[in-house]
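As the structure is a computational prediction, the values presented were derived from the model and not from experiment. In each ligand, atom 1 is the first atom listed, and ligand 1 is the first ligand listed.
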Amino acid sequence: MTANLLDFDLEGLAAFCEQLGEKRFRAVQLFRWIHQKGASRFDEMSDLAKSLREKLPSVCTITGLPVLTRQDSADGTIKWLFDVGGGNAVETVFIPEDDRGTLCVSSQAGCAVGCRFCSTGHQGFSRNLTTGEILAQLWHAEHFLRAHLKTSERVITNVVMMGMGEPLQNYGALVPALRVMLDDHGYGLSRRRVTVSTSGVVPMIDRLAQDCPVALAVSLHAPNDALRDNLVPINRKYPIAELLDACLRYLPAAPRDFITFEYCMLDGVNDQPEHARQLLDLVKRHAGRGVPCKFNLIPFNPFPDSGLRCSSRATVLAFGKILSDAGVVTTVRKTRGDDIDAACGQLAGDVVDRTQAARRMAQARTVRFVPPVKENQA
Ligand code: SAH
Ligand code: SF4
């Protein structure tokens, strides 16, 4: 079987080169061609020995993901739907801002966690993406954007693993992909600008601290176990106290001195002043010392059959005020790419064919993920 070089971090590529009887520095050259220059063919790699250029096509490829659709919003947000085969597709969203460009990347086709307010969760789990499929989203977006914006400079400065899927339930593929994002010979992103968002897979939070500590966002969504059990079912396995303990263990390794808590605002469910006060109690008193954190309030993006509604603007602001008055930095996510439904995961389940994908995109009217306003700022 021929290898796809997008599946390798630099170590993996060096091992692959060694198998071919090539020196390690060849791996660095190849890696730079692929990730820094966006090469997909070996014959364009002018500084590789000709013999190697001729040998490579018989043993490996550089294979991205087919683009099913691309949609451009009036505000500059761009959304891709990538075909991952077997009738599945995943979404990737680019969100430009004045001082940075953020790419929201998917880690799985579907998701097994099954959060009540999440359309990806409602679709169920199809499969894990490979390292190459995670990276193909960044590889394609970065090099498309450079060509599109006619620049040779880096366009994507931040990556958030907030698309479809639970990244920490695809740990084996995630970590090499993160390493390529961070590698100076790859995308050269700083650890502070790569964020893994998790619903709370406690043992994997600990492993991430060891293997590849990047910025951590935790999807909290409820201030007590009874409510969180209901909204984020993985809470039954890893309840809030264990999750907060894991956050505290993560912090010494983390590139930032706080955890971002995401909190989806659901009308009448988790948005009352009492809930905000319970949250404060948790994050200020947990383990006797509290958890250094910021809150990111996400207005719920409704989708059919969720049975849930978004809190009113006034409720979101009042909730945020209780947190920030108590000294907890709180932001509210603002909506971007509304006109193209730039919602990670909203449309990407069980796409049967291209026509259907296009039809579903055209019909979709809801947004389930909107990019952060202020978080992730380095
Ligand atoms: N599985 C990971 C990352 C992907 S979801 C996680 O859950 O953290 C990225 C963020 O979008 C999470 O905070 C998630 O709770 C939020 N989200 C999911 N569905 C949403 C919806 N319908 N409206 C608003 N935010 C939603
Ligand atoms: Fe999965 Fe995250 Fe959606 Fe929950 S919110 S179902 S963990 S993608």
Side-chain angles (χ1 to χ4, degrees), residues 90-93 95 102-126 128-129 134 137 159-171 174 194-202 204-205 208 214-222 228-238 243 247 259-267 269-271 294-311 316 331-336 338 341-349 364-372 375-376:
V90 296
E91 282 184 345
T92 309
V93 182
I95 306 121
T102 303
L103 194 71
C104 176
V105 170
S106 294
S107 57
Q108 299 179 313
C111 183
V113 177
C115 300
R116 260 188 63 197
F117 49 82
C118 173
S119 60
T120 307
H122 279 233
Q123 286 160 11
F125 177 67
S126 292
N128 279 328
L129 299 189
I134 295 171
Q137 300 168 61
V159 170
V160 292
M161 297 302 303
M162 294 185 184
M164 289 180 80
E166 169 47 59
L168 294 187
Q169 287 190 338
N170 185 13
Y171 191 79
L174 174 75
V194 174
T195 301
V196 167
S197 174
T198 181
S199 55
V201 191
V202 164
M204 295 299 143
I205 294 177
L208 192 66
V214 292
L216 187 67
V218 171
S219 294
L220 195 56
H221 306 310
R228 196 164 190 270
D229 280 354
N230 185 265
L231 295 175
V232 185
I234 200 171
N235 194 70
R236 293 173 206 150
K237 197 160 180 195
Y238 306 113
L243 180 56
C247 291
I259 302 287
T260 302
F261 288 123
E262 294 161 280
Y263 197 95
C264 182
M265 297 293 291
L266 301 163
D267 182 35
V269 175
N270 64 354
D271 65 349
K294 292 188 180 176
F295 268 85
N296 197 212
L297 305 181
I298 318 174
F300 169 62
N301 293 297
F303 57 93
D305 306 324
S306 71
L308 296 162
R309 288 181 314 270
C310 180
S311 312
V316 175
T331 54
V332 179
R333 243 174 229 184
K334 79 177 178 222
T335 306
R336 292 284 302 269
D338 261 357
D341 299 313
C344 301
Q346 178 63 39
L347 310 156
R365 288 286 171 272
T366 55
V367 181
R368 89 137 173 72
F369 165 73
V370 282
E375 67 167 8
N376 303 330

Legend entry - Minimum-distance pair of heavy atoms, taken over all atoms of Glu166 and Gln108: N-OE1, 2.9 Å

Inset, instruction - Could you tell me the separation between the CD atom of Gln137 and the OG1 atom of Thr92, rounded to the nearest 0.5 Å? - result: 3.5 Å

Inset, instruction - Have a look at His221, Glu166, Gln108, Arg333 and point out the one with the heavy atom closest to atom 15 (O) of ligand 1. - result: His221

Inset, instruction - Could you tell me whether a side-chain N or O of Gln169 sits under 3.5 Å from a main-chain N or O of Val201, the two making a donor and an acceptor? - result: no

Inset, instruction - Can you figure out which of Ser199, Cys310, Ser197, Gly163 has its heavy atom closest to atom 4 (C) of ligand 1? - result: Gly163

Inset, instruction - Consider every N or O of Phe303 and every N or O of ligand 1, then say whether any pair is closer than 3.5 Å. - result: no

Legend entry - Check: Glu262 N/O within less than 3.5 Å of ligand 1 N/O: yes

Inset, instruction - May I ask you to identify, for Cys264, whether its side chain, its backbone, both or neither come under 4.0 Å of ligand 1 on a heavy-atom basis? - result: side chain

Legend entry - Test item: Thr260 and Thr195 side chains (from C-beta on) under 4.5 Å apart, heavy atoms: no

Legend entry - Heavy-atom gap Met161 to ligand 1 smaller than 4.0 Å: yes

Inset, instruction - Kindly write out the residues that satisfy side chain to side chain donor-acceptor pair (under 3.5 Å) with Ser306, not counting sequence neighbours, or none if the list is empty. - result: none

Inset, instruction - Decide whether the shortest distance between a heavy atom of Gly165 and an atom of ligand 1 is less than 4.0 Å. - result: yes

Inset, instruction - Find all atoms of ligand 1 within a distance of less than 4.0 Å from any non-hydrogen atom belonging to Ile298, and give their numbers and elements. - result: 13 (O), 24 (C), 25 (N)

Inset, instruction - List for me each residue that meets side-chain contact (heavy atoms from CB on, under 4.5 Å) alongside Asp267, sequence neighbours excluded, and say none if there are none. - result: Asp271, Arg309

Inset, instruction - Starting at CZ of Phe300, measure out to CZ of Arg116 and round the result to the nearest 0.5 Å. - result: 9.0 Å

Legend entry - atom 1 (Fe) of ligand 2 reached by Cys118 (N, O or S, under 2.8 Å): no

Inset, instruction - Give a yes/no answer: is there an N/O/S atom of Cys111 under 2.8 Å from atom 4 (Fe) of ligand 2? - result: no

Legend entry - Shortest non-hydrogen contact between Ser199 and Arg228, atoms and distance: O-NH2, 2.7 Å

Legend entry - Proximal atoms of ligand 1 relative to Cys118 (non-hydrogen, under 4.0 Å): 18 (C), 19 (N)

Legend entry - Closest non-hydrogen atom pair between Asn270 and Cys264, with its separation: ND2-O, 2.7 Å

Inset, instruction - Identify, by atom number and element, the atoms of ligand 2 in contact range of Gly121, meaning under 4.0 Å from any of its heavy atoms. - result: 6 (S)

Inset, instruction - Mark up the atoms of ligand 1 that fall under 4.0 Å of a heavy atom belonging to Thr198, in ascending order. - result: 6 (C), 8 (O)

Legend entry - Contacting atoms of ligand 2, where contact means under 4.0 angstrom from a heavy atom of Ser199: 7 (S)

Inset, instruction - May I ask you to list the atoms of ligand 2 that are less than 4.0 angstrom from any heavy atom of Gly114? - result: 6 (S)

Legend entry - Contact summary for Ile234 and Gly200, nearest pair of heavy atoms: CD1-O, 4.3 Å

Legend entry - ligand 1 versus Val113: contacting region, heavy-atom distance under 4.0 Å: neither

